[in-house]
2 protein chains.
Amino acid sequence: MARIKSTENNSKREVIIKEASKLFKEKGFTATSMRDLAERVGVEAPSLYNHIQSKSELLKIICSNVGEKFAVKIAEVEQIEMPAIEKVEKLLRFHIQEMINYYEEEYVSGREWRYLKDPYLSEYREQRRNYRKRFTAIIQEGIDQKEIKKLDANTAVLILLNAITSIDQWHRIVHKVSSKELEENIVTILIEGLRNN
Amino acid sequence: MARIKSTENNSKREVIIKEASKLFKEKGFTATSMRDLAERVGVEAPSLYNHIQSKSELLKIICSNVGEKFAVKIAEVEQIEMPAIEKVEKLLRFHIQEMINYYEEEYVSGREWRYLKDPYLSEYREQRRNYRKRFTAIIQEGIDQKEIKKLDANTAVLILLNAITSIDQWHRIVHKVSSKELEENIVTILIEGLRNN
DNA sequence: TCAAAAAACTAACAGCCGTTAGTTTTAATA
DNA sequence: TATTAAAACTAACGGCTGTTAGTTTTTTGA
């Protein structure tokens, strides 16, 4: 009979995933070895395989957790009735908060996803495409409503997303300015850049 | 007696560096093997070592070429007498042009530099710090002159630089919109975001 | 307390890595 | 054309990779 997994088991798995996120962020996915990871967890490398299937699975878990969150968020924002520019602002603030609170996971899912293996690679690519497409539609709506400057919506989305998600010095800024101030700074630059005055 | 290196020799070395840039961009530095590179160049792996010293040296060359360009450019911009916001615009346009014309090298130097080995790693880090510092000073000048909104200059610099240099889909946008239009879109969003109206 | 399951361990695998040594072929120079 | 340097080749190295097999230890549940 299959036993219910104990909380100890679950939390160990989570420790591994958390530690993998940190290492993948620090050294990059390819440059991180299972022996590196094992050392951080305090165990020999083969023991990891009692909790996970493969190195690749770790990346997959990290990426799909993040992907799922953004899929949920954009669906939520789409349904609210508000000006497009405010929807954009809502999404930006969400991105910033996620970066502040789940920095390693966000960073890894943003920059190391290309080391996913098929079929997960294709899935993740599709998920990203889908997210960008829906974000682009919101921006286009804002342009049509003259809330947002006339510009190429695709370009705008790439600029916005990359401006936030690919900063590898969050810790440095967050130490210097408060996270609230940081959020306001970013939103100011990017939203005022879009807004049609 | 040392012979003068033939142009054939020089161009071969350049071919290797160019091909390395493409591969490091495509697969990442760590995931690229010397055998991969050799295959692209049309040669066996050990033959590469007649032209270069190590894999690491390739990354160093790519990064320091890019770094040098930006060091020269910011020194040039600093010496021109013009409003700070226009200096920022000049730098942004330069970044965009470099991304359009030397995409692989820019991408690699922006995202793979962390795999440099000391002492090059420290050098490069210092060079980046220096560049950001001088860029920050220009933005601070703009804030003091009330050309630029009151915000944290450090944050602003990170946002600006990352917005442009970490886009991994340049080819996709450049195919859709002309490079001139692309430049104007980006400058519009980012400069209007900074400008104090 | 005893049986069973979970999770740790050691040993080892096949394969790839960057690179060197030594040799042969190609190309340039006198 | 003969000499010499440059650049290609093959073979091989020590080391690291993710992972499996098999075994021992620890923890769990009755």
Side-chain angles (χ1 to χ4, degrees), chain A residues 1-21 23-24 26-63 108 112 114-118 120-121, chain B residues 1-21 23-24 26-63 108 112 114-118 120-121:
Chain A
M1 291 292 289
R3 254 204 268 167
I4 294 166
K5 283 182 181 175
S6 69
T7 47
E8 174 56 36
N9 180 9
N10 283 338
S11 85
K12 186 91 180 201
R13 192 177 146 96
E14 278 154 30
V15 166
I16 292 172
I17 295 168
K18 184 69 195 177
E19 219 58 48
S21 304
L23 270 170
F24 295 166
E26 274 175 42
K27 314 182 56 167
F29 176 78
T30 313
T32 299
S33 78
M34 294 303 275
R35 285 166 181 86
D36 291 337
L37 177 55
E39 195 181 6
R40 288 282 183 97
V41 176
V43 105
E44 294 297 321
S47 305
L48 296 171
Y49 290 83
N50 286 319
H51 305 278
I52 56 146
Q53 287 203 343
S54 64
K55 184 185 180 188
S56 193
E57 189 203 17
L58 285 169
L59 184 59
K60 186 232 150 193
I61 293 167
I62 296 166
C63 289
V108 169
E112 305 286 318
R114 60 167 155 170
Y115 300 111
L116 286 167
K117 286 181 188 163
D118 269 322
Y120 306 117
L121 179 58
Chain B
M1 293 291 289
R3 258 203 267 170
I4 294 166
K5 282 183 181 174
S6 69
T7 48
E8 173 56 36
N9 181 8
N10 282 338
S11 83
K12 185 89 180 204
R13 192 178 145 95
E14 277 155 30
V15 166
I16 292 173
I17 296 169
K18 184 70 196 175
E19 219 58 47
S21 305
L23 270 170
F24 294 167
E26 275 175 41
K27 313 181 56 166
F29 176 77
T30 313
T32 298
S33 78
M34 294 303 274
R35 287 165 180 88
D36 291 336
L37 177 55
E39 194 181 7
R40 287 281 182 98
V41 176
V43 102
E44 294 296 321
S47 305
L48 295 170
Y49 290 82
N50 286 320
H51 305 279
I52 55 145
Q53 287 202 343
S54 65
K55 184 187 179 187
S56 193
E57 189 203 17
L58 285 169
L59 184 59
K60 186 234 151 190
I61 293 166
I62 296 167
C63 290
V108 169
E112 305 287 316
R114 61 167 155 170
Y115 300 112
L116 285 166
K117 286 180 187 163
D118 268 323
Y120 305 118
L121 179 58

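The chains referred to below are lettered A, B, ... by the order of the sequence lines, with proteins before strands, and numbering in each begins at 1.
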Please state whether the phosphate of dA8(D), meaning OP1 or OP2, lies under 4.0 angstrom from any side-chain nitrogen or oxygen of K12(B). yes
What does the inter-axis angle of the helix from dT1(C)-dA30(D) to dA30(C)-dT1(D) come out as, five pairs per end, nearest 10 degrees? 20°
Rounded distance in Å - CG (L48(A)) to P (dA7(C)): 13 Å
Is the side chain of R13(B) donor-acceptor paired with the backbone N or O of H51(B) at a distance under 3.5 Å, no angle test? yes
N or O in side chain of H51(B) less than 4.0 angstrom from dA6(D) OP1/OP2: no
Reported NZ-to-CD1 distance for the pair K12(B) and I52(B), which is rounded to 0.5 angstrom: 12.0 Å
Partner residues of Y120(B) under the side chain to side chain contact (heavy atoms under 4.5 Å, CB included) criterion, sequence neighbours left out: K60(B), L116(B), E123(B)
Can you tell me the distance, in whole Å, between the CG atom of L58(A) and the P atom of dG18(D)? 11 Å
So ring pair (Phe, Tyr, Trp, His ring centres under 6.0 Å) across residues 30-50 of chain B, not counting sequence neighbours, yields none
Using a 6.0 Å cut-off, check whether atom CD of Q53(A) has over 12 heavy atoms from anything other than its own residue. no
For E57(B) and dT19(C), what is the distance between atoms CD and P respectively, to the nearest whole Å? 10 Å
My understanding is that only residues two or more places apart in sequence, or in another chain, count here; which of them pass side chain to side chain contact (heavy atoms under 4.5 Å, CB included) with T32(A)? L23(A), F24(A), K27(A), D36(A)
Just to be sure I understand the rule, does S54(A) reach a base, reach only the sugar-phosphate, or reach nothing, if contact means heavy atoms closer than 4.0 Å? sugar-phosphate
Would you find a donor on one side and an acceptor on the other, under 3.5 Å apart, between the side chain of R40(B) and the backbone of A20(B)? no
d(CD1, I52(A); P, dA8(C)) in whole Å: 12 Å
Please list, for nucleotides 15-17 of chain D, all pairs of protein and nucleotide N/O atoms separated by less than 3.5 Å.
none

Nucleotide of dA8(C), dG18(D), dT10(C) approaching P46(A) most closely (side-chain heavy atoms): dT10(C)
Expressed in angstrom and rounded to an integer, what is the separation of Y49(A) atom OH from dT10(C) atom C1'? 16 Å
Just how far, in rounded Å, is P of dT19(C) from CD of Q53(B)? 10 Å
Within-4.5 Å side-chain heavy-atom neighbours: L37(B) and L58(B): yes
Donor-acceptor pair under 3.5 Å, N50(A) side chain vs dA8(C) base: yes
Taken to the nearest whole Å, CD/E44(B) to P/dG18(C) is 14 Å
So, is S47(A) near the phosphate of dC9(C), with a side-chain N or O under 4.0 Å from OP1 or OP2? yes
What residues form a salt bridge (charged side-chain N to carboxylate O under 4.0 Å, His left out) with E39(B), not counting sequence neighbours? none
